[in-house]
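Worksheet: one structure, shown below.
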Protein chains: 2
Amino acid sequence: MDYVTIKDVAKRLNLAVSTISRAFNDKYDIKKETKELILKTATEMGYHPNPMAKKLTQKRSFNIGIVVPEFINGFFPEVIIGAQEILFEKGYQVLITQSNESYESEIKNVKTLVDNMVDGLIISLSSESKNTDYYQTLIDKGFPIVFFNRVNSKLKSSKILFNDYKWALFATEHLITQGYKNIVHLEGLESLTLSKERKRGFIDAHKKYKIELTSNHFIKSGFTIESGKATAELMIKNNQIPNAIFASCDPPAIGAMMVFKENGYKIPTDIAFVGFTESKLAGLINPPLTSVMQPTHDIGVEAAKMLLDQIENPHAYLPQTIILNGTLNIRESSVKII
Amino acid sequence: MDYVTIKDVAKRLNLAVSTISRAFNDKYDIKKETKELILKTATEMGYHPNPMAKKLTQKRSFNIGIVVPEFINGFFPEVIIGAQEILFEKGYQVLITQSNESYESEIKNVKTLVDNMVDGLIISLSSESKNTDYYQTLIDKGFPIVFFNRVNSKLKSSKILFNDYKWALFATEHLITQGYKNIVHLEGLESLTLSKERKRGFIDAHKKYKIELTSNHFIKSGFTIESGKATAELMIKNNQIPNAIFASCDPPAIGAMMVFKENGYKIPTDIAFVGFTESKLAGLINPPLTSVMQPTHDIGVEAAKMLLDQIENPHAYLPQTIILNGTLNIRESSVKII
DNA sequence: ATATTTTACGGAAACGCTTCCGAAAAAAGA
DNA sequence: TCTTTTTTCGGAAGCGTTTCCGTAAAATAT
């Protein structure tokens, strides 16, 4: 591929390259007519400013790195699409890496992105319990970073969060007001704040309605369907069947629901279900699963906006936190009387 | 962020920048000891070659663009991960764009990627029936492109394909040998070759077993769960229930299965199901869905390899086509006697 | 009319790197 | 020992831009 350069345009019009440059970056003094002439013949010749040269002189890569734990499930892709929309519009390129839920590969990804001189990073941590020194060093250097979804409270940085506590409380409250009193919470990974927050919401909903909770009401579960299945099988084996299950996210709820159904339990009559972070499956399975829907697209949009704000105003930078709201999508899995 | 440059390293060691450059690109004559010294002090100083400058001199962006119709469902993300793995390893960056199944936004994406001087493209078309002139022009210019999954047969270009015909034939054959004779095919979008190929496999399996097919055995369906639901509802309403359904992809099969289940049909006794392009849900729903699994990860790997091959040997370029194999994951939805 | 300001553009350096050319130093050959 | 070859490095040009500085020409003021 042979590209047309600024010199070619200059030669053609018998102008200096600086004039051509001025025509494309309208902040300098240039006569209106010549500018129009330049732009016209430039497009005729098929000239596009070489992004590499531009980046070199401007000492900016116009690249933004996004690091997520995975992007097989729908959640992160949706966030990424949201971020890309506004980043692309502003002329930024987006480099996406996935850490595969591994701290090591996450740090490695971040380092390569920084070495490749991205202008900023949007990150959802694979684990919040690990060492965050590297991130802190970057932040202290003034490197623009926005965290979302999975963050570390110690890091003094901009964050886009979801009000996990509030919506877990709402979701639990929904179950309680539906008449379910003996509710078990399937907890998420302990290393994540969002798990703790959802648990806290679950607990406070019970406090509000003055319902006692024992340790039997909490079962540690993962993020997978399999873990939900295993939990349900154990419950059935021990014959400890609660009225309802509130899961820290959809997959374990779905897994547990599948097992209970297979064992002849009626849903939601015998046992009700509420999930979290609305997955594609929620509305599709039978019965459809009540779940808290997060504003995935908006999370991406807000993260991108915040990052650009930080990049463009490097001096007046103050770490901000935006907390977004969601929706409780109430479906058959948790509604006692239809 | 202030970066250490090659000049800083040169000054520190009282060497010429060219020597430092040689140390980092070991194709030139340089003494082993000085090279080691340079590399050592360079890492000490925290020097990383500026990718923008490198790209400018080498007239290569080391960027690869990937264009997919969507990446909410698992298929394309898995392909992308496969491609990224080998691209990253070779020092390439990956720019991912999604066309949202729209021809216009696909072309727009491709054009911005080309303007940003990506060294090559990996593309899955949003629609194969639209104008492909732009792609042909690029290919004629020698621009490296590899198509996968959704391709246009007219384009003389490298392709990574799946043997849709063969595996559709296998899948249908499986149903026939299980004893299902009256099988309906839910066809995919007509504009895609893969739909035609799967249909052809379905037909030829019937020919092989000398089973008659009428137009009643073909129902046009989309790629969604909803379309499958609608089709099933129509079948039930018209009381035209086949022995089995072979769908062009999983979602319509799942949708149809849900409706039949809700209406009291036993699966696979009353009606059996086979899907295509193994989705996450296939193994999770009840009963688990038999489906053809595509080697998503390998598709990405092979596409990336082929593209790099094309980039690195621009002259000896010959369009290749790799056809990959899959697996028929036989599950309960299609097994008559367990 | 001339003096002064403004406008519009050219020239050139710089961004950080690669790579060609040439030459000193070292090694090998005579 | 002197010549020839090889090794190792320095100097400089060039990649395609941006941007600073300077200056004719045009516009305005005197």
Side-chain angles (χ1 to χ4, degrees), chain A residues 1-39 41-43 45-63 91 93 114-119, chain B residues 1-43 45-63 91 93 114-119 312:
Chain A
M1 294 281 289
D2 273 339
Y3 293 99
V4 182
T5 76
I6 202 171
K7 284 182 189 171
D8 300 325
V9 183
K11 212 167 287 173
R12 173 86 102 83
L13 291 172
N14 261 322
L15 289 171
V17 287
S18 50
T19 310
I20 314 296
S21 177
R22 274 189 277 262
F24 277 88
N25 311 281
D26 35 25
K27 42 186 170 178
Y28 285 96
D29 17 324
I30 184 168
K31 213 194 325 186
K32 206 179 170 187
E33 294 92 57
T34 54
K35 178 178 169 178
E36 280 163 3
L37 175 68
I38 289 172
L39 259 37
T41 58
T43 49
M45 297 174 72
Y47 167 72
H48 293 283
N50 182 321
M52 272 103 74
K54 197 170 214 162
K55 287 166 180 182
L56 181 61
T57 52
Q58 298 190 167
K59 298 194 149 224
R60 292 263 300 271
S61 72
F62 286 95
N63 282 158
Q93 292 180 356
V114 171
D115 288 350
N116 274 286
M117 300 184 174
V118 291
D119 294 338
Chain B
M1 296 281 291
D2 272 341
Y3 291 98
V4 182
T5 75
I6 202 171
K7 283 184 193 170
D8 300 325
V9 182
K11 213 168 286 172
R12 173 86 102 82
L13 292 172
N14 262 321
L15 290 171
V17 287
S18 50
T19 310
I20 313 296
S21 178
R22 275 189 275 264
F24 275 87
N25 310 283
D26 34 27
K27 41 184 171 177
Y28 284 97
D29 16 322
I30 184 166
K31 209 185 343 180
K32 207 178 171 191
E33 294 93 59
T34 55
K35 179 178 170 181
E36 281 162 4
L37 177 67
I38 289 171
L39 259 38
K40 191 170 140 284
T41 58
T43 50
M45 296 174 73
Y47 167 72
H48 292 284
N50 183 323
M52 273 102 76
K54 196 170 213 159
K55 288 167 180 182
L56 181 60
T57 54
Q58 300 191 166
K59 296 192 151 226
R60 292 262 299 274
S61 73
F62 286 94
N63 283 157
Q93 291 180 358
V114 172
D115 288 350
N116 275 284
M117 299 185 174
V118 292
D119 294 336
E312 277 152 25

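Chain naming here is simple, since letters A, B, ... match the order of the sequence lines and numbering starts at 1 in each.
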Nearest nucleotide by nearest heavy atom, which residue falls closer to the 5' end of DNA chain C, P49(B) or D29(B)? P49(B)

Base, sugar-phosphate, or nothing for N50(A), non-hydrogen atoms under 4.0 angstrom? sugar-phosphate

Within the side chain of T43(A), is there an N or O that forms a donor-acceptor pair under 3.5 Å with the backbone of L39(A)? yes

Around atom CZ of R12(B), are there more than 12 heavy atoms from other residues, nucleotides or ligands closer than 6.0 Å? no

Could you check whether S21(A) gets within reach of a base, just the sugar-phosphate, or nothing at all, counting any heavy atom under 4.0 Å? base

Looking across every strand, which nucleic acid part, if any, lies under 4.0 Å from I20(B) by heavy atom: base, sugar-phosphate, or nothing? nothing

Give a yes or no on whether the backbone of L37(A) and the side-chain of T41(A) come within a donor-acceptor separation of less than 3.5 Å. yes

Side-chain N or O of K54(A) less than 4.0 angstrom from OP1 or OP2 on dC15(C)? no

Spacing of I6(A) atom CD1 and N50(A) atom CG [to the nearest 0.5 Å]: 10.5 Å

Please give, in whole Å, the distance from dT8(D) P to E33(B) CD? 8 Å

Can you check the D115(B) CG to dG16(D) C1' distance for me, whole Å? 16 Å

Pick base, sugar-phosphate or nothing for L56(A), based on heavy-atom distances below 4.0 Å to the nucleic acid. base

Rounded to whole Å, CE of M45(A) lies from P of dG16(D) at a distance of 13 Å

Within the 4.0 Å heavy-atom criterion, would you say K55(A) contacts the bases, only the backbone, or no part of the nucleic acid? nothing

Output yes when at least one side-chain N/O atom of T34(A) is less than 4.0 Å from OP1 or OP2 of dC9(C), else no. yes

Once you apply a heavy-atom cut-off of 4.0 Å, does Y47(B) come out as touching a base, just sugar-phosphate, or nothing? sugar-phosphate

Between dC9(D), dT18(C), dT18(D), which one does the side chain of Q58(A) approach most closely? dT18(D)

Choosing from dT18(D), dC9(C), dG16(C), which nucleotide comes nearest the side chain of T57(B)? dG16(C)

With B for base contact, S for sugar-phosphate-only contact and - for none (protein heavy atoms under 4.0 Å), nucleotides 23-29 of chain D reads -------

So, taking the atom named OH in Y3(B) and the one named CG in D8(B), what distance separates them when rounded to the nearest 0.5 Å? 14.0 Å

If you find the nucleotide of DNA chain D closest to S18(B) and the one closest to M117(B), which residue's nucleotide is nearer the 5' end? S18(B)

Rounded distance (Å) that lies between atom P of dT18(D) and atom CZ of R60(A): 14 Å

Are any non-hydrogen side-chain atoms of I38(B) and L15(B) less than 4.5 angstrom apart? yes

Ignoring backbone atoms, test whether K7(A) places a side-chain nitrogen or oxygen under 4.0 Å from the OP1 or OP2 oxygen of dT17(D). no

Rounded to whole Å, the CD1-C1' distance (I6(B) to dC17(C)) equals 6 Å

Side-chain N or O of K59(A) versus OP1/OP2 of dG16(C): is the shortest distance under 4.0 Å? yes

D8(A) near the nucleic acid: base, sugar-phosphate alone, or nothing, with a heavy-atom cut-off under 4.0 Å? nothing

Shortest non-hydrogen separation from S61(B) to M52(A) and the atoms involved: CB-SD, 3.8 Å

Measure from the side-chain N and O atoms of S21(B) to the backbone N and O of V17(B), and report whether any donor-acceptor pair falls under 3.5 Å. no

Ignoring the backbone of L15(A), work out which of dA12(D), dG10(C), dC21(C) is nearest its side chain. dG10(C)

